[in-house]
Amino acid sequence: MEPATFVLFGATGDLAKRKIYPALYQLFIEDKLPSSFSLIGLGRRELSDETFQSNVEQSLLTFSRSGVKDAEGMKKFLRAFRYQVLEVNRKEDYKKLLQMVEEREQSLNLVPNRMFYLSVGPEFFETIAANIHESGLGSANGWKRLVIEKPFGHDLLSARQLNLKLNQAFNETEIYRIDHYLGKPMVQQMGQLLHASLSELDFSSRKIASVQISAIETLGVEERAGYYDHAGAIRDMFQNHMLQLLMMLTIEFPNRSKVDEVGKIKRQIMKSLVPINKMDVHNHIVRGQYGSGVIKGEKVVGYRDESGIASDSQNDTFIAARLQIKDPFWKDTPIYIRTGKRLNEKATKIVIEFTSEGSSKDLLIIEIGPNEAISIQRSEAGKELSNEDIAARSQLNTLEEGAKDAYEILIHDALVGDKTYFAHWDEVELSWEWVQPLLDAYQENLLPLHIYPSGTYGPDESDKLLARDGFHWWFDS
Ligand code: BG6
């Protein structure tokens, strides 16, 4: 792998501590970092290099998934870390940064390949990208890459504006948009596992009756009121993670996608997603917000009583949707998607229901997290008969090794320049285009907000959405 400098904006933040440092450390242990590597952490706080390194050490001791077994090795890893204060609007700080990057490149004899990782609020993306450009940080001889996290924009218009601004400093080929669902091991291996399972099911003679994609959580808004109350489930999960799951699944049908065509097929899928007119949104979308309730024996407060949330907030913490893809393979198959907070369990899964004669049903279940598995279930008149694991589970990470974290996979891909599992602008734009009428309907109060008790599976209307078509959500207990 080519040598590189990792310039981390937001180096004292939560994501860096919990995810980015442990991921880099894991890559280091596995010999998957460039042999010459320099990391420059940036933040508003004054910190010496030593304090910064010892903070990173703390985060590794707390969050490293395989633990720190070799203290000497860890010290070696930490020696690559430097820190600098940076105020995102202060141009002189970028000049100082350039100096530091160059000094390190010279002393380590590094080719000036630079990865700029923006682990900061999206409101800073434009300013930072412009300053990288103006300061000359982005005009060295090596490659440059910009890594950003969702949300990419707040709606269609702002996403387009943001993209235009970013494009003044970085080309599309240089922008790596992280959607951490694309880094999940089960999503990355979905095609392979799915096709192994379909051959067991003799899929060639079967039809898919419906698809259900759920990402449900027990967590509430936590400490993120400021962000979440303006985003809601629709922007926080649906526009990005959920539509990416939909794309990753549907590109596998009717035939297996070729790696180099993933982007093209994802675009085709998004283009053939039947648009929903804002006046018709109520027929396809259910919107909810959690009330108080009990989760796993513990009482929890309702959304409007959470700290930092207005007592009359109209924000959504749940969305269920019925989608339709207008192509020869999918045209008769409803696709249901739901995601929400403070529900009865934490589970991200896809259930494919096959058409059947009589009352028995065959289901193919893809568990994405926290369990990782593919299985088939046969049920008869609602009764589950058997649960036969058929997928090559051994191809996944075993528990002893610890499942790979999405960040390890994605940071490694970004370092080697593989964009397969990053969100391309075209997909992002097409998903905002599809979601925009929903946002308009929310804004214009065209869709009721249903309060659901915490610890359930969302509002009853979510069940009714499927019942209308003769289906029900599988595995709600
Ligand atoms: C994040 C959302 O992108 O994904 C959070 O901002 C959500 O609100 C999280 O809790 C869920 O991710 P995972 O990997 O736990 O399913």
Side-chain angles (χ1 to χ4, degrees), residues 4-30 32-34 37-43 45 47 52-68 74 77-78 80-81 83 115-122 124-125 128 145-152 175-188 215 217 219 221-224 227-228 231 236-237 240-241 244-245 341 346 348 368-370 372 397 401-416 418-419 421-423:
T5 300
F6 196 103
V7 183
L8 178 60
F9 293 78
T12 55
D14 211 46
L15 183 74
K17 277 185 218 155
R18 284 173 185 277
K19 295 287 181 187
I20 300 173
Y21 300 138
L24 285 169
Y25 180 59
Q26 194 65 36
L27 294 174
F28 169 78
I29 299 176
E30 293 174 12
K32 289 187 187 150
L33 276 189
F37 177 73
S38 147
L39 183 144
I40 299 178
L42 303 161
R45 235 179 295 159
L47 287 184
F52 177 50
Q53 290 175 358
S54 99
N55 292 351
V56 176
E57 179 176 344
Q58 264 319 309
S59 103
L60 302 183
L61 293 170
T62 318
F63 298 112
S64 164
R65 73 171 167 86
S66 54
V68 175
M74 180 182 65
F77 170 69
L78 292 173
F81 285 60
Y83 183 82
M115 188 156 117
F116 301 96
Y117 195 123
L118 274 45
S119 175
V120 294
F124 302 117
F125 290 175
I128 295 178
R145 292 178 191 146
L146 180 76
V147 182
I148 50 175
E149 296 264 343
K150 58 133 262 232
F152 315 118
I175 303 177
Y176 290 68
R177 296 178 195 82
I178 289 198
D179 181 308
H180 81 277
Y181 269 51
L182 290 177
K184 288 185 184 272
M186 278 306 284
V187 175
Q188 300 228 329
E217 308 189 70
L219 287 181
V221 64
E222 310 300 301
E223 315 297 318
R224 303 159 76 211
Y227 151 74
Y228 192 83
D236 184 50
M237 294 287 292
N240 35 73
H241 303 326
Q244 284 291 350
L245 285 182
K341 291 201 181 284
K346 165 80 182 163
T348 300
I368 293 165
E372 297 178 326
N397 307 289
E401 269 182 59
K404 269 194 183 148
D405 186 77
Y407 280 85
E408 278 164 56
I409 297 174
L410 295 175
I411 290 176
H412 181 261
D413 284 356
L415 281 167
V416 296
D418 181 351
K419 290 195 72 183
Y421 292 102
F422 290 83

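These values consider heavy atoms only, across backbone and side chains, with no hydrogens, waters or symmetry-generated copies.
- Counting non-hydrogen atoms of other residues, nucleotides and ligands closer than 6.0 Å to CD of Glu223 gives a total of 12 or fewer.
- A distance-only check finds no donor-acceptor pair linking the side chain of Tyr117 to the backbone of Ala11 [under 3.5 Å].
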- request: Carefully, step by step, assess Ile20 and Ile411 under the rule side chain to side chain contact (heavy atoms under 4.5 Å, CB included).
  value: CA-CA 8 Å; Ile20 300 173; Ile411 290 176; 4.0 Å; yes
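- The side-chain heavy atoms of Gln53 and Phe77, taken from C-beta on, include no pair separated by under 4.5 Å.
- Distance check, rounded to the nearest 0.5 Å: CD of Glu408 to CZ of Arg65 gives 4.0 Å.
- Contact of the Gln244 side chain with the Tyr181 side chain is not registered, since no non-hydrogen atoms from C-beta on lie closer than 4.5 Å.
- Closest approach of Pro22 and Lys17 over heavy atoms only: CD-O, 3.3 Å.
- Residues Phe81 and Tyr21 have side chains in contact (heavy-atom distance under 4.5 Å, counting atoms from C-beta outward).
- Leu182 has its side chain out of reach of Phe422: every pair of non-hydrogen atoms, C-beta onward, lies at least 4.5 Å apart.
- A heavy-atom distance below 4.5 Å is not found between the side chains of Tyr176 and Leu410.
- Distance alone, capped at 3.5 Å, is enough to place a donor-acceptor pair between the Arg145 side chain and the Ala414 backbone.
- A pairwise comparison of heavy atoms in Lys404 and Pro185 identifies O-CG, 3.6 Å as the closest pair.
- In this structure, Phe125 and Pro151 approach most closely via the heavy-atom pair CE1-O, 4.1 Å.
- Taking the charged nitrogens against the carboxylate oxygens, Lys150 and Asp236 do have a contact shorter than 4.0 Å, which makes a salt bridge.
- Using a distance-only test at 3.5 Å, with no hydrogens or angles considered, no donor-acceptor pair links the side chain of Lys32 to the main chain of Gln26.
- The shortest distance between side-chain heavy atoms of Leu39 and Phe52 falls below 4.5 Å.
- Nearest heavy-atom pair across Ala16 and Gly10 is CB-O, 3.7 Å.
- At a threshold of 4.5 Å between non-hydrogen side-chain atoms, the residues Tyr25 and Val68 count as touching.
- Every salt bridge (Lys or Arg N to Asp or Glu O under 4.0 Å) that Lys341 has, sequence neighbours left out, goes to Glu217.
- Looking at Tyr421 and Ile409, their side chains never come closer than 4.5 Å, going by heavy atoms from C-beta outward.
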